[in-house]
Amino acid sequence: MRSPIPDYLTEALLSVEFDHSGQTADYIPELATADPDCLAVAMCTHDGRLYSQGDCDVQFSIQSISKPFVYALALADRGFDEVLDKVSVEPSGDAFNEISFEPGTGRPLNPMINAGAITAHTLTGPRGATPSEQTSRIIDGLSAFAGRRLEIDAAVYQSEITTAYRNRALANMLRANDIIDGEPLEAVVGYTRQCSLLVTVEDLALMAATLANRGVNPVTGAPVVPAPVVRQVLSVMATCGMYDGAGDWMTRVGIPAKSGVAGGLIGALPGQAGIATFSPRLDQHGNSVRGLDLFRRFTSEMGMHLMEVPPAGPSVVRGRRVLGTGEHAVQIVSLQGSIRFASAERVLRDLEDVPLTQKTVAISLVRVISVGDVARRMLLEAIRRLTLDGHDVYLIDPDRVLPDPDPGDGGRVRVVATREDITARLKRSAT
Ligand code: DON
């Protein structure tokens with residue numbers, strides 16, 4: 001069978017093709033020369049399958065889409081405390097280049113507006129890194145997200161740096177507020193280089209998919225940034241990624257996103273996919289007009305809104321039964337699905353409401369797909385309490401979905417692969 005997804009993406013492009021509203025960015029002269037009719041879309045699943053349609057080979061500058069990735073590198077390199085000390089995480093409701101700082105601290109409000117992004121740029125690499133080392137770190141880091149070597153577009157860089165009066169003003173203010181060290185102009189030069197990196201829509205989809213895949217590039221397998229960094233970055237993208245259009249975006253589209261003035265737009269849907277569009281005409285907020293339309297379409301047609309969850313699946317407790325009799329009797333509680341807080345709570349409730357009748361009990365995870373960290377701790381605490389209540393507890397976990405099964409503090413559990421292992425053990429101990 002041929003997958004219908006490429007056809008769907010083509011159809012989506014056709015539905016927006018005739019919208020010629022908006023303008024290409026002209027405050028960077030080189031961007032005004034872009035072909036305004038270019039149109040492309042790419043989607044990369046969390047496990048690395050890439051679909052793309054339209055002008056997918058056209059390269060364009062990444063611009064502000066570099067911001068979440070550079071913020072990720074700064075968090076990974078310097079840690080949360082140092083970065084949060086310099087850049088806050090509050091939506092500004094302002095345009096991307098607004099001269100706005102937090103009253104009192106002088107910090108930029110978030111790392112998605114230019115002031116915060118220039119600051120994040122200066123926080124990459126080890127403390128004491130030179131501006132050129134920071135630029136190299138950023139090129140290497142963004143290339144790792146994209147899974148290929150990215151290069152700077154010298155013409156776009158030149159065009160922007162010669163007209164970057166506003167960003168220079170921001171950097172001077174940041175220096176005056178003691179938010180950045182070093183020469184403000186060097187920060188603007190580095191930041192402008194970062195914005196001039198050339199990408200295709202496919203690169204952007206893979207970069208977004210790396211965020212959707214907890215920081216591991218799903219094609220190369222490279223761990224690019226740690227999972228807690230990704231959580232922080234996606235949260236900031238969700239609340240601040242679309243600047244003064246962020247609230248409208250989050251309610252209507254509901255995907256952590258970032259736009260760039262060259263016409264790129266990315267969305268990263270945690271655990272599912274990275275999506276990117278490219279169309280250079282922009283609206284008054286500096287976001288791609290046709291990109292916005294495409295994302296609205298994807299959300300409503302593919303159910304991608306972050307706040308929309310599927311209805312709860314079948315109960316996590318699949319059933320209970322007693323196998324064998326007398327001292328060989330084992331009461332098996334079978335669980336199923338992916339267990340996070342709410343399903344673990346359901347297991348605890350079940351064990352409390354309906355007391356177990358046999359001394360030997362086994363919790364079967366044979367049909368469990370995954371156990372989240374909090375669910376793991378809750379299940380282990382249940383096992384500990386069952387032990388203290390006098391039960392001999394087994395865990396049937398052939399695929400080791402529950403890591404490090406130590407209930408601690410008076411609890412005891414034996415991990416086996418099958419229920420026959422339990423019967424064999426019981427028989428052995430009876431002889
Ligand atoms: O700082 C600037 O003006 C550009 N290099 C990037 C701006 C940008 O992409 C805004 N996003 N939509």
Side-chain angles (χ1 to χ4, degrees), residues 22-32 34 60-71 87 91-100 108-122 135 138 142 150 152-174 180 184-199 201 204 207-208 236-237 240-246 248-249 253 256-267 276-292 295:
Q23 304 278 321
T24 53
D26 55 6
Y27 75 99
I28 302 174
E30 187 67 21
L31 294 187
F60 53 94
S61 50
I62 189 167
Q63 298 298 340
S64 286
I65 302 173
S66 61
K67 292 170 179 175
F69 299 101
V70 171
Y71 182 51
V87 189
S92 66
D94 287 329
F96 67 90
N97 55 4
E98 193 59 38
I99 305 199
S100 67
L109 285 162
N110 67 67
M112 301 294 114
I113 54 172
N114 287 8
I118 293 170
T119 309
H121 178 97
T122 68
T135 300
I138 287 168
L142 267 59
L150 300 180
I152 287 171
D153 183 327
V156 170
Y157 165 73
Q158 270 310 327
S159 177
E160 180 165 5
I161 198 69
T162 49
T163 54
Y165 300 111
R166 208 174 166 92
N167 284 340
R168 287 189 215 184
L170 286 170
N172 282 318
M173 287 295 296
L174 290 166
I180 63 170
L185 182 58
E186 284 186 321
V188 178
V189 164
Y191 163 77
T192 309
R193 288 216 164 98
Q194 139 194 343
C195 289
S196 311
L197 281 168
L198 281 172
V199 286
V201 80
L204 289 182
M207 293 174 84
V236 170
M237 285 168 73
C240 314
M242 302 300 276
Y243 313 116
D244 38 343
D248 185 53
W249 173 271
V253 179
K258 189 72 209 77
S259 60
V261 284
L265 180 55
I266 63 163
T277 58
F278 171 51
S279 171
R281 290 193 195 88
L282 310 177
D283 67 8
Q284 73 278 18
H285 303 294
N287 300 323
S288 165
V289 175
R290 297 193 292 192
L292 293 177
F295 269 90

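Both ligands and their constituent atoms are indexed starting at 1 by order of listing.
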Are [X] and [Y] close enough that some pair of their side-chain heavy atoms sits under 4.5 Å apart?
X    : Y    : value
S259 : Y243 : yes
M112 : V236 : yes
L265 : L292 : yes
P29  : T163 : yes
R166 : I99  : yes
K258 : S64  : yes

Distance under 4.0 Å to a non-hydrogen atom of [X]: what atoms of ligand 1 satisfy this?
X    : result
N114 : 1 (O), 2 (C), 3 (O)
G286 : 12 (N)
G260 : 9 (O), 11 (N), 12 (N)
Y243 : 10 (C), 11 (N), 12 (N)
S259 : 11 (N), 12 (N)
Y191 : 1 (O), 2 (C), 4 (C), 5 (N), 6 (C)

Practice problem: List the closest protein heavy-atom neighbour of atom 3 (O) of ligand 1: residue, atom name, distance to the nearest 0.1 Å. | Solution: Y27 OH, 2.6 Å

Quiz prompt | Residue and atom name of the nearest protein heavy atom (relative to atom 9 (O) of ligand 1), distance in Å to one decimal | solution = S64 OG, 2.6 Å

Exercise. Determine whether the side chains of Y191 and N114 contain a donor N or O and an acceptor N or O closer than 3.5 Å.
Key: yes

Quiz item: How about T192 and E160: does a side-chain donor come under 3.5 Å of a side-chain acceptor?
Solution: no

Exercise. Using a 4.0 Å heavy-atom threshold (strictly under), name the region of C195 that reaches ligand 1: side chain, backbone, both or neither.
Key: side chain

Exercise. Under 4.0 Å, heavy atoms only, figure out whether ligand 1 is touched by the backbone of V261, its side chain, both or neither.
Key: both

Quiz item: Out of E160, K258, Q63, whose heavy atom is nearest to atom 2 (C) of ligand 1?
Solution: E160

Quiz item: Can you tell me if N167 has a non-hydrogen atom under 4.0 Å from ligand 1?
Solution: yes

